[in-house]
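As structure tokens, the structure follows; a few thoughts come after it.
Keep in mind it's a predicted model, so treat the numbers as computed, not measured. Numbers for residues simply follow the sequence, beginning at 1.
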Amino acid sequence: MFFAQDGPPGFELRLRNGRHEWLRQVTVLTHASDDPLGRLTVSVMMAIVAEGAQEVVTSGSRADADEIMDATLLMIERVGASDTGDAVADTPAEASAS
């Protein structure tokens, strides 16, 4: 909407504070650790969800959308597993098979 420092006075601070509050709430809801690694993990997961949703909206078919959703979920699992050290499948097909 605005370029850096192109908004009304206080806009960037308000935007940053809103983002921090959103991440705090999602961190609580996902039971992620409330430390820098936990907050980073939640932030990356939310970015994956946002990008996946954008790709689904612009996908050309239901099959493409399903493939994107599967890949998005797999990426989220990978990010979450990296926070806990758990192993996850390497492809959406492997995840579906388990």
Side-chain angles (χ1 to χ4, degrees):
M1 181 154 66
F2 297 111
F3 290 107
Q5 300 180 8
D6 191 33
F11 177 77
E12 287 187 42
L13 176 63
R14 196 162 181 175
L15 186 65
R16 204 170 33 251
N17 288 342
R19 182 175 183 278
H20 286 293
E21 178 58 21
W22 169 251
L23 285 175
R24 187 196 67 73
Q25 290 178 10
V26 174
T27 299
V28 169
L29 290 172
T30 59
H31 304 287
S33 56
D34 189 18
D35 58 14
L37 179 58
R39 290 188 298 273
L40 175 63
T41 301
V42 169
S43 182
V44 170
M45 286 180 176
M46 293 298 97
I48 292 169
V49 168
E51 291 300 320
Q54 183 64 36
E55 289 298 320
V56 166
V57 168
T58 59
S59 64
S61 68
R62 175 66 189 245
D64 289 347
D66 287 343
E67 185 177 354
I68 292 164
M69 287 186 288
D70 289 344
T72 299
L73 291 172
L74 181 61
M75 289 179 195
I76 291 169
E77 288 175 3
R78 285 180 176 169
V79 170
S82 70
D83 191 29
T84 63
D86 294 338
V88 294
D90 289 328
T91 67
E94 289 176 4
S96 297
S98 58

Hey, is the main chain of Val56 close enough, under 3.5 Å, to the side chain of Ser59 for a donor-acceptor pair? yes

Is it the case that the side chain of Ser43 and the backbone of Arg39 share a donor-acceptor pair, with hydrogens and angles ignored and the cut-off at 3.5 Å? no

Listed once per pair and sorted, the salt bridge (charged side-chain N to carboxylate O under 4.0 Å, His left out) pairs that draw on residues 49-65, sequence neighbours left out: Arg62-Asp66

dist Thr41:OG1 -> Ile76:CD1 (nearest 0.5 Å) comes out at 12.5 Å

Rounded distance (nearest 0.5 Å) linking atom CD1 of Ile68 with atom CD of Gln54: 10.5 Å

Look up atom CG in Leu23 and atom CE in Met45, then write down how far apart they are to the nearest 0.5 Å. 12.0 Å

Measuring from Thr72:OG1 to Glu67:CD, what's the distance to the nearest 0.5 Å? 10.5 Å

Verify the cluster assignment for Val49 and Val79: are they in a single hydrophobic cluster under the rule of side-chain heavy atoms below 4.5 Å apart? yes

Between Leu73 and Met75, is there shared hydrophobic-cluster membership here, with clusters defined by ILVMFWY side-chain heavy atoms closer than 4.5 Å? no

Is it true that Val28 and Val42 fall in one hydrophobic cluster, defined by side-chain heavy atoms closer than 4.5 Å? no

